K.L.:
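Would you mind keeping the following structure in view while I ask a few things?
These numbers come from a predicted model, not from an experiment. Computed from heavy atoms alone, side chains included, the values below leave out hydrogens, waters and symmetry copies.
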Amino acid sequence: MRVLLISALLGFVSHVSSKTDSNVCISANAKTCGECIQIGPQCAWCKDPGFKPSRCDDKDSLEKAGCTQLGIENPQGTVTIYENKPVTNRKIDGGQNLRPDEITQIHPQKLTLNLRSGESQKFTLTFKRGEDYPIDLYFLMDLSDSMQSNLENVKNLGTELAKAMQHITKDLRIGFGSLLEKPFIPVKNPCFPNDCSAPFSYRNVLNLTNNGTLFTQEVSKQKTSGNLESSEAGFEAIMQAAVCTEVIGWRNVIRLLVFSTDAGFAGDGKLGGIVRPNKEKCHLENNMYTKSNYFDTPTISQLVDTLRDNNIKTIFAVTEQFRDAYQELSAQIPESTVGTLSINPSSVVQLIIDAYYSLSSEVILENSKLPAGVSISYVSHCKNGVSEKGEFGRKCPSVSFGDEVTFDIEIKATGCPSESKSETIKINLLGFNENVEIVLNFICECECHKDGIPNSLNCSNGNGTLECGLCRCNEGRIGRLCECSQDEFLTDDLDANCRMNNGTDICSNNGECVCGTCECKKRDNPEERYSGKFCECDNFNCYYANNRLCGDSNACNSANAETCRKCVQIGPQCAWCKDSGFEPSRCDYNNSLGNANCTDIEYPQGMVTINENKPVTNHKKRQTQSSDEIIQIQPQKLTLNLRKGESQKFTLKFKRAEDYPIDLYFLMDLSDSMQSNLENVKNLGTELAEAMQDIAKDLRIGFGSFLEKLVMPFILTTPKYQKNPCFPNDCSAPFSYKHVLNLTDNGTLFAQEVSKQKTSGNLDSPEAGFDAIMQAAVCTEVIGWRNVARLLVFSTDAGFHFAGDGKLGGVVHPNDGKCHLENNMYTKNNYFDYPTISQLVDTLNNNNIQTIFVVTEQFRDLYQNLSTLIPKSAVGTLSANSSNVIQLIIDAYNSLSSEVILENSKLPAGVNISYISHCKHGVSGSGEKGQKCSNISIGDEKIMVTECPSEGKSETIRINPLGFNESVEIVLNFICECECHKDRILNSQNCSNGHGTLECGICRCNEGRLGRLCECSQADFLTDDLDANCRMNNGTDICSNNGECVCGTCECEKRDNPVERYSGKFCECDNFNCDRSNDKLCGGHGRCECRKCICDANYTGNACECPLDTTTCLASNNLVCNGHGTCECGVCKCKDQFEGPTCEICPTCSRICTQYKDCVECQQFGTGSKKQTCGEECKSFSLKPVNTKEELPKQPNHCKERDIDDCWFFFTYTTKNDDKIEVHVAEKKECPSGPDIIPIVAGVVAGIVLIGLALLLIWKLLMVIHDRREFAKFEKEKMNARWDTGDNPIYKSAVTTVMNPKYEGKS
């Protein structure tokens, strides 16, 4: 069971709004409409000529300030879908005849967004993965010599892969390319003495083809080659395979690039002297990459961008050794994966299939580069109800064939482009050649900008352009209306006119100087303002009291209500005192009147009275109740007594009855295209009764049909086509709306009548459905509607005409919303135009009809938009032949009946209502959401009145649950007069012997009488005489401008604050205009009488600001101001060099310490210059010794002096009343100790020894360096000496030869 609680607020609203939040629209000081709307979506512009407040403000504030609705420029952003093809399925939508570029997996395909600065626009993209989606697979293989065994396994890849992937797609094309390394040195056979092909960088071997045999033949011709290093030129090959789209033969389908290698990758062109960056362009000639020795290897970022831009999914099929390296590379490349080749990889086919599933199961969105100032965010809604946002909002994992996922996308503009031109971005499906094109139009200028009037006479006779309500001055002109010429003014002269008292501030820093005149700034709060010639004044910087500006504003007092009636209409806080002779203000707060000793107070209060409160019924338990006896909402009738500004609350309870009766009227489009649908509707009556027996056993069903207005250009009006518009085929004559069958519970009769119907024909696609709905709704008796749940099922395969379309056929009279059926035919179709949408909404609401639009897929979005405007309506999608119409009706009914929406009748002027719903599971809503509950529950209502009706009579309103023929009746009684008004005494003796009516404690004087008690006759006094008695000292001010002269006597005005009052014979005195101290009247130490402070005891001064008590001036020695100053207003005013709060500090008094030093030294220590004369010269000193300086009293006058022994001693002094000097002295001195000789001598000796040793070491080091240099020089000269005997004149050989004279040689 669910209950609906509704809170309604009917009451007088007396609301004073104060903008305290910062208003960026105003504070930005926008000078033009374009600048204004660029501040933010909350800002609007008033283009009304002569509009004085800030033109740039929020829309509500502009309306309150008097700007007309037509004068408000407030452009709004929109989303428009231009292309929205449904997703396709190759197995269903045309089979293999559907070209790859005709396959659609995402919709919509094209949108236009009108964006305003600071405003976001949202839309939803739907992706449904297509089955049998075509695939282009390019196998790129490393043909280094180590890949020989892999090459053998790839030869049959084409046919094997086609067989293995036939359950994925039957449209598979495969190509082949090979790669090696940059061929720096031309070599014919790098594998010599073995045989292999010449080296190359990249070669396209076979374009993409569906011929597996050709693939095998071409791959079989390939031979491996050799290179020096392990890393290969794979990046170059991938780049060329990606960018050479036409050469490779890529289609706009799924593109797979399989990269197979057993080596790493290199980016080292500089090692071969190649330094030019890769250009990412195609350089294939005769299928060979010709620029490998000219351009360096691509960077990884280049590779990532190229693969992404060309929508290529990459599969790295590598050996285990390099898996980690390619895994890291894959992490940087979107839509890529890594598979591991075995040593003899016969499983390459399975590797490719597994990798394809891994890649294609994830949907990733990526947008093109965004314009400056534009941001985009994604929220994904994936399988199993999983939603993500942020970076994860761009993707959905595990998307299988036929799965559907959605993405909510929000685009926001944070500013306007400099040229405000349109921009186009794309959202791409990574790995698919589909994208969504989004055109961004920036709302940076107002429409009124186009209507500008150059050289307008309104701008100082043509000196500017009138644009959006203000003048944009021509060059050389200035001023609000371009009334000033810059040539006539010097800047200094202009500024001088805007400086107050020849100061430096221009316009008091609160405005701008224009043409020598100050234009004051606008404040964020429009109630606050600067004013004055120099903007020197404002109305918001006054004193505050009780947290209110200028004290507590009392609306009851300040309104100066003269009667009880006027008083109670000020607001619910105001009461009236009826006591005779009551002196204070009679109209005041209730408690204030009580405090003022009023005994008879009129204080009316509102109330809620329940007049009818039948309990809700249970329809299943009833036996004989009719449908109009069923009660689902309580109470049924209330009376509210309402006072202005006071709200009254009450609770409504709703309980949905089970087995509630239903009237269902089936309204069908009988154009010729609905022939197959008509056949399925014939048995609708009996089948629907059976299908809905669990919902309602009391079901009645009726039938009506419609076509088009019987005028050109909607139908052919020639006689032949009037009889048979489908000629040469056969169909019935055209008609606008025909009521076929009244609501009945006879399903057989329904089938018979529907079987008699024939389709007809017309010229245009939209039909006259609105005419038919209007007649079916308002012709209650003809149709046979009961006071039960009313359903109108509207079935069509076309759009609709609406108000204004009738003009095409010369039908110009507005639809009157009345029943015009004669013989069950709509007879005024050629006289009245189609209804407006608002007419339709009101009619359906007023007749409690719930509408179900059963339409074809093509027009679903159109009727969905219409349904959002019609409460209690739903939309269902017809199948091709309406076979699902019964289920659609049941689903729509359940959807509609599970939601309760409350709507009230038109409210009287000055009355408003608010709702708070309390629904199932504790869900509550307010505002618009407070009027409804999904799945049914409960709520509160609050009703408030803002004005009393002129006649004060009662009003009746109703609250209806939409779709149900029940309502709550609410009688509103307005409290606009006091009860004491009924007890008035005409010509009362209390009113000067019958000269007035005594009413609510006061006299209301008869004509010609005046005065508080009607004691004066206007005929007895001249106005001058009366005024003369009310002027003080024969001045000009009547009652000192603080009161009113009545019968020659001043009656002083009442103040907003009841504590404040005027007094005196001439109202010349008051108790609130005395001097203030510390923001308090009379300093808080006196009372104000006739504008002078009467101070309390011990206080004096104009504002009682000075205390007479001298306690605050006593020094530590109990002397007033330490004897060195006077106490004035409780504060010491010090003399001479003394300072401080009690004149105890003397920063320049060090000479006093020196002056007192000798006396202290002689008296305490018996030393010093006055040792001999101490008793005579120092007799005014009274010494009190303490042990140490830390024990001296804590006071400002501390002294530190040196004695004859060069020791420090410490003392403080204080001057007493009897001129005695009291001194506290420390007995313990601080004497400097003598130097210790032994450490000094030892230090000096040690220093001399160390310095000597250091000098010896330095000398020894220098000598060693010098000797080594000399020895090295000697060795060098020795090596360079080359002596020759022939050159040396003193050379003598060391060998001497002696001949033996007896030697004869050998014998």
Side-chain angles (χ1 to χ4, degrees), residues 135-144 146-148 150-155 157-158 161 172-182 197 199-209 215-216 218-225 227 231-250 254-267 278 280 282-284 287-289 292 297-298 300 302-304 306-308 310-319 322 325-326 329-330 333 335-341 345 348-349 351-352 355-356 359 431:
I135 300 174
D136 282 357
L137 186 147
Y138 191 75
F139 199 91
L140 187 57
M141 188 171 184
D142 170 12
L143 285 192
S144 58
S146 58
M147 290 286 287
Q148 179 63 49
N150 302 66
L151 180 60
E152 295 299 321
N153 285 287
V154 173
K155 291 179 179 178
L157 182 65
L161 198 58
L172 170 68
R173 298 198 313 165
I174 187 167
F176 187 83
S178 56
L179 64 110
L180 192 64
E181 185 52 277
K182 288 182 179 290
S197 66
F200 58 92
S201 173
Y202 162 66
R203 177 195 302 146
N204 174 38
V205 177
L206 177 66
N207 292 5
L208 291 162
T209 177
F215 181 90
T216 302
E218 291 299 326
V219 175
S220 298
K221 298 176 185 178
Q222 305 307 307
K223 292 169 65 178
T224 58
S225 186
N227 62 328
S231 300
E232 315 292 3
F235 279 15
E236 287 186 332
I238 294 174
M239 176 65 74
Q240 292 301 303
V243 299
C244 297
T245 308
E246 296 182 2
V247 178
I248 305 299
W250 292 112
I254 295 178
R255 298 175 175 180
L256 298 181
L257 189 149
V258 182
F259 180 85
S260 180
T261 185
D262 65 349
F265 45 85
N278 198 285
E280 305 174 52
C282 181
H283 296 290
L284 291 187
N287 287 325
M288 296 293 286
Y289 179 40
S292 69
T297 305
I300 294 177
Q302 282 182 308
L303 213 60
V304 170
T306 301
L307 291 171
R308 183 181 57 228
N310 288 279
N311 286 305
I312 295 175
K313 302 174 187 279
T314 313
I315 302 171
F316 295 104
V318 300
T319 54
F322 292 97
Y326 281 93
L329 176 63
S330 176
I333 301 177
E335 293 288 283
S336 67
T337 188
V338 179
T340 306
L341 285 170
V348 65
V349 172
L351 186 152
I352 293 172
Y356 170 74
L359 290 173

K.L.:
Apply side chain to side chain donor-acceptor pair (under 3.5 Å) to Arg308 and list each qualifying residue two or more places apart in sequence or on a separate chain.
P.N.:
Asp305, Glu366
K.L.:
Taking Asp142 for its side chain and Ser144 for its backbone only, find out whether a donor-acceptor pair lies under 3.5 Å.
P.N.:
yes
K.L.:
Grab the two heavy atoms, one from Thr297 and one from Phe235, that are nearest each other, plus how far apart they are.
P.N.:
CG2-CB, 3.5 Å
K.L.:
Please name all residues satisfying side chain to side chain contact (heavy atoms under 4.5 Å, CB included) with Glu335, sequence neighbours left out, ordered by chain then number.
P.N.:
Lys313, Ile364, Leu430
K.L.:
Sequence neighbours excluded, which residues qualify as ring pair (Phe, Tyr, Trp, His ring centres under 6.0 Å) partners of Tyr326?
P.N.:
Phe265, Phe316
K.L.:
Sequence neighbours left out, what passes side chain to side chain donor-acceptor pair (under 3.5 Å) with Thr306? Give chain and number order.
P.N.:
Glu280
K.L.:
Would you call the rings of Phe176 and Phe215 parallel, tilted or perpendicular, where under 30° means parallel and over 60° means perpendicular?
P.N.:
perpendicular
K.L.:
What I want to check is whether the side chains of Thr319 and Asp262 have a donor and an acceptor closer together than 3.5 Å.
P.N.:
no
K.L.:
Apply side chain to side chain contact (heavy atoms under 4.5 Å, CB included) to residues Ser225 and Leu143 and explain how you reach the verdict.
P.N.:
CA-CA 6 Å; Ser225 186; Leu143 285 192; 5.8 Å; no
K.L.:
With sequence neighbours left out, write down each residue that passes side chain to side chain contact (heavy atoms under 4.5 Å, CB included) with Asn287, or none if nothing qualifies.
P.N.:
Asn204, Val247
K.L.:
With Ser330, which residues qualify under side chain to side chain donor-acceptor pair (under 3.5 Å), at least two apart?
P.N.:
Ser336
K.L.:
List the steps, then state whether side chain to side chain contact (heavy atoms under 4.5 Å, CB included) holds for Leu140 with Tyr202.
P.N.:
CA-CA 9 Å; Leu140 187 57; Tyr202 162 66; 3.5 Å; yes
K.L.:
Between the main-chain N or O of Leu208 and the side-chain N or O of Trp250, is there a donor-acceptor pair closer than 3.5 Å?
P.N.:
no
K.L.:
If you take all heavy atoms of Gln240 and His283, which pair is closest and at what distance?
P.N.:
OE1-N, 2.8 Å
K.L.:
Check this for me: does any side-chain nitrogen of one of Asp136 and Arg255 sit under 4.0 Å from a carboxylate oxygen of the other?
P.N.:
no
K.L.:
Using side chain to side chain donor-acceptor pair (under 3.5 Å) as the criterion, list what pairs up with Ser201, not counting sequence neighbours.
P.N.:
Glu236
K.L.:
Do Gln302 side-chain atoms and Asn278 backbone N/O form a donor-acceptor pair below 3.5 Å?
P.N.:
yes
K.L.:
Could you please spell out the steps behind the side chain to side chain contact (heavy atoms under 4.5 Å, CB included) verdict for Phe259 and Leu179?
P.N.:
CA-CA 10 Å; Phe259 180 85; Leu179 64 110; 3.6 Å; yes
